[in-house]
Structure formats: structure tokens, C-alpha cells
Amino acid sequence: RLRKWQERIRTKDAGERNLQFALSETDRMASALGVPRSVREVASVIYRRALNEDLIRGRSIEGVATSCLYAACRQEGIPRSLEEVSEVSRVEQKEIGRTYRYISQELGLRMEPVDPKEYVPRFCSELGVSEEVEMKAKEIIDVTAEKGLLSGKSPTGFAAAAIYAASLLCNEKQTQREVASVAQVTEVTIRNRYQEQIEAMGIQ
Amino acid sequence: MTDPKETINIENVVASTGIGQELDLQSVAMDLEGADYDPEQFPGLVYRTQEPKSAALIFRSGKIVCTGAKSTDDVHESLRIVFDKLRDLNIQVNEDPEIVVQNIVTSADLGRNLNLNAIAIGLGLENIEYEPEQFPGLVYRLDEPEVVALLFGSGKLVITGGKKPEDAEHAVDKIVSRLEDLGLLE
DNA sequence: ACGTTACTTTATAAAGC
DNA sequence: GCTTTAAAAAGTAACGT
């Protein structure tokens, strides 16, 4: 009887410690990513739900915590790419993506695809371009996505190309290299998306 | 225009069988030309047939997996070659080992570009997986037939998980009518 | 700026770790 | 869970030239 009781306490303590670890890791990663406190709270709510639904068994605590943070950023409309999230996590990108898809499915998060426009403000401020470029980039995304160009394309690459195109149109040219660097995509991707976008916009 | 069903093409057939006899893979690897066997890496011996093109994974238990064939007939032809090769090594092989098709991978073309964002919402976010940051295809799981479809922006798709060629046809029919109902085709 | 190669996703069996 | 095998889809990346 006493043994059972001790075991229960030991398990409870271990569970508490694990939860504390997960939440402190979430906090550390969120700070490193520079996301507001509200996102950390959303992430911790998702993590507790995953814990209650027993979705962590067989997975690393940090992998689940990282995936919850990735999902929370998206839900709050300030997405971080898997690559960006993996840079502040000790879990590899592929595992984060896998775990995120599992958690999203099992919890029925009904995650919508990331809107490339949500990357524009952050990328533009990192580049230090004007609000005019930012607005133009968003317009390019709306128009070209409406014409079906977004299907299957990565949101960061699509946003990067639109920002590059907007910087040219607004006479505030950023090099493909600079934009590629902040969006963490290759110049080849920017070139390919850019060509499709300006063609669809009917520019030059 | 073109009936999507007519664009269906079988790309790969996976099947399993067995010769009803245990094997010493080490000696089979020595005697069978072109055999790849690295038990440290994988317990099966890999043997490739040229015509029809396929790869057979041969196990110590005598069970065999054949993959890479373009039709169920090719699977039978490939395995007939494998059986004869084993017989050449004086290994007893059952008369007509039962061959079970485990998976058929098919490609098809809906002939129109698809707005995957709209389709994701239309089919229901809880019924699909669409993560273009990770993969350009939208993953759609059907209950009947029990297959998985990958839909692409080009309108092309992949159907996998089926055990009969008809599974892919039924799947394409269901996908087409579902997308038409949603007004998301054309 | 090309071209090539290779990785991402799906399903599936096999034996063993 | 992983390992291996095959094949398609389309996007992205990392090589070399």
C-alpha cells in the first residue's frame, strides 16, 4: 500500500518536473524567437492538451514543446518557419514537422495553411524597407494567390519573392541575396516565384 | 474533356510471397549474381530483375517482397524469374507460391489546376493534411476505397495504399465528384 | 545562370534491433 | 520507432560547371 502510494507520488513528481521542463523550454525558445507572451500561453495550452490526450508517449518532450510553439505562432498569425524554430530547439527540423502534423491531427487543431502575408511585416522590418514596399508586397501576394499561384508553394519563398518584386517596383531595391537571407530560402526560389508573380501581375 | 480515369497509370506494385523454405542468405548472396546482401544494414537480400524491372527482397524465412513492377502481371513475371533463379541454386521452391498484392501506386491527372487552399477548406481541414512548407501535395485519406491521395496544384495526383487497380479508379471518381460538388474543379 | 542529383510526402510487405 | 526497396507527384536545396 505504502509502495503504491510512493510510486504514485514519484510518478506525479516526475510528471510535474516534465511539465515544468516543457514550459521552461517553451519560454526559452519563445524568447529566442522574440514572440509575445500570448504566444507562449497558447503554446502551453496546446502542450497541456497534448499531455492530457497522452500524445507525448514515444516522443521527446522538447519535440512536442517545439511543435506546440510552432503551431501557436501560426495560430496567432505571427508564424515562424520550421527552420527558424529548429534553430532555437535542439530537435531537428524534420522531427518538429512530423510531431507538429501528428499533434495537429490528433488534437483537431484545424490549422489553416500559412498566409505568406503574415511573414511580410517581420521580413520587411528586418530588411528596413518602407511601409510602401510592405503594402505592395502584400498586394502582390493577394493578387497572385488569387490567380492560383500559391498552390504547393512554400509560404516563406512566396513572401520573399513578393517583397523582392515590391522593392523593385518601389525603387527601394533589395538584392535577392538580402531577401533570401531574411526569409531563409535560396535565391533560386526567389527568382522562380518572382518570375511567376510579375507575369501574373502583368508587369513588364 | 479527358476523363481523368483514362489518365490513370500504375507506377508501382508491391507484393509479397514465400517459397515455403528457409534460406541461407549468405550462400544465396555468393551464388546469385547481382545480389546485394548486408545483414548489418538490413535483414533482406536485394535482387533486381531487369525485364520486367523490379526489386525483390528475399528473407531468411523464405518470404519475398517484390516492388517496382508496373503491373500485377509484371509482379508475377518478376517473381517467376526470382523463383527460377533460386531453383537454379538447387533450392526447393513451391509450385505456385501465393502472391499477394499489398500496395499499388498510381498517378492520374484531373486536367485542371487546383487551388489547394480552397480544397483544404472545402474537404475540411480535419480531413486533410496540407503543409506546403513541408511538401507541395495535399494529403487526402479516403475511407472507401481505403487509399491515400496526394493532390497537386497542377491537377495531377498520386493514389497509393490500394490493393486492386479498381481502387484507384474508384478513388479518382470520388475525388472528382467531391471537388465538383464543392465547385472546386475548373 | 544553368544542370544534375537528392531530399521532402504517401502506402506496403519483409526480419531484426 | 528504425533499417531497405520501388514509383509518382512538385517544390526546394545543394552541388558543380
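Lettering of chains follows the sequences in order, A, B, ..., and the numbering in each one begins at 1.
Both A/R191 and B/E129 lie near DNA chain C, and the one whose nearest nucleotide falls closer to the 5' end is A/R191. The nearest heavy atom of DNA chain D to B/R48 and to B/G155 marks one nucleotide each, and the one closer to the 5' end goes with B/R48. Residues B/L157 and B/V14 both approach DNA chain D. Their nearest nucleotides, taken by heavy-atom distance, put B/V14 toward the 5′ side. Residues B/Q134 and B/Q102 both approach DNA chain C. Their nearest nucleotides, taken by heavy-atom distance, put B/Q134 toward the 5′ side.
Within a 6.0 Å sphere centred on CD of A/E131, heavy atoms belonging to other residues, nucleotides or ligands number 12 at most.
In this structure, B/R60 does not reach the C/dA14 phosphate: none of its side-chain N or O atoms is under 4.0 Å from OP1 or OP2. Close to D/dG11, at under 4.0 Å from its OP1 or OP2, lies no side-chain N or O of A/S154. Within the 4.0 Å cut-off from OP1 or OP2 of D/dA9, not a single side-chain nitrogen or oxygen of B/S107 is found. Using a 4.0 Å cut-off, no side-chain N or O of B/T106 falls inside it from OP1 or OP2 of D/dA8. Within the 4.0 Å cut-off from OP1 or OP2 of D/dA7, at least one side-chain nitrogen or oxygen of B/K53 is found. The side chain of A/R98 contributes no N or O atom lying less than 4.0 Å from OP1 or OP2 of C/dT8.
Partner assigned to C/dA11 is none, using Watson-Crick or G-U wobble distances below 3.5 angstrom. Applying the Watson-Crick and G-U wobble criteria (two distances, each under 3.5 Å), C/dG16 pairs with D/dC2.
Closest contact between the side chain of B/P136 and the listed nucleotides C/dT9, D/dG11, D/dA6 involves D/dG11. With C/dT12, D/dA9, C/dA14 as the choices, the nucleotide that has an atom nearest any side-chain atom of B/S61 turns out to be C/dA14. Listed candidates were C/dA14, D/dA9, C/dT9. Nearest to the side chain of B/F152 is D/dA9. Taking every side-chain heavy atom of B/V139 into account, C/dT10 is the closest of C/dT10, D/dA9, D/dA7. Relative to the side chain of B/E11, the nucleotides D/dA9, D/dA7, C/dT12 differ in distance, and D/dA7 lies closest. Checking C/dA15, D/dC2, C/dT8 against the side-chain heavy atoms of A/K94 singles out C/dT8 as nearest. In the set D/dG11, C/dA14, D/dA9, the nucleotide with an atom closest to the side chain of A/R193 is D/dG11. Ranking D/dA6, C/dT9, D/dA10 by closeness to the A/R101 side chain, first place goes to C/dT9. Residue B/V148 has its side chain nearest to C/dT10 when only C/dT10, C/dA15, D/dT5 are considered.
A cation-pi arrangement is present between A/R59 and A/Y102, with the terminal nitrogen or guanidinium carbon under 6.0 Å from the aromatic centre and inside a 45° cone about the axis.
If you measure from atom CG of B/L138 to atom P of D/dA8, you get 21 Å, rounded to the nearest angstrom. Regarding B/N113, its CG atom lies at a distance of 15 Å from the P atom of D/dA9, rounded to whole Å. In this structure, B/I119 atom CD1 and D/dA10 atom P are separated by 14 Å, rounded to whole Å. In this structure, the CG atom of B/D74 is 13 Å from the C1' atom of D/dA7, given to the nearest Å. A straight line from CZ of B/F135 to P of D/dA8 spans 13 Å, rounded to a whole angstrom. Regarding B/L142, its CG atom lies at a distance of 12 Å from the C1' atom of C/dT10, rounded to whole Å. When the P atom of C/dA13 is taken as reference, atom CG of B/N12 falls 14 Å away, rounded to whole Å. What separates CZ of B/F59 from C1' of C/dA14 is a distance of 3 Å, to the nearest Å.
Note that CG of A/L127 is 8.0 Å distant from OG of A/S167, once rounded to the nearest 0.5 Å. Atom-to-atom distance recorded for A/T186:OG1 and A/Q176:CD is 10.0 Å, nearest 0.5 angstrom.
Here the separation of C/dT8 from D/dT3, taken at their P atoms, is 10 Å to the nearest Å. Rounded to whole Å, the C1' atom of C/dA1 lies 26 Å from the corresponding atom of D/dA9. Remark: the separation of the P atoms in C/dA6 and D/dT4 is 15 Å, to the nearest Å. The separation of D/dA13 from C/dT9, taken at their P atoms, amounts to 15 Å, rounded to a whole angstrom.
In summary, A/R28 and A/E62 engage in a salt bridge, as defined by a charged side-chain N under 4.0 Å from a carboxylate O. The pair A/R122-A/E84 meets the salt-bridge criterion, since a charged nitrogen lies less than 4.0 angstrom from a carboxylate oxygen.
With hydrogens and angles ignored, a donor-acceptor pair under 3.5 angstrom links the side chain of B/T67 to the base of D/dA6. If you check distances only, the side chain of B/S16 never reaches the base of C/dA13 with a donor-acceptor pair under 3.5 Å.
Residue contacts shown for B/V100 are absent, as no nucleic acid heavy atom lies under 4.0 Å away. Across all strands, A/Q93 comes closer than 4.0 Å to no nucleic acid atom at all (heavy-atom distances). A/R59 comes within contact range of no nucleotide atom at all, as no heavy-atom separation falls under 4.0 Å. When heavy atoms are screened at a 4.0 angstrom cut-off, A/G152 is found touching the sugar-phosphate backbone but no base atom.
When the side chains of ILVMFWY residues are joined at heavy-atom separations under 4.5 Å, either directly or via intervening members, A/F158 and A/I78 end up in two distinct hydrophobic clusters.
Of all heavy-atom pairs between B/K70 and B/E11, the closest is NZ-O, 3.1 Å.
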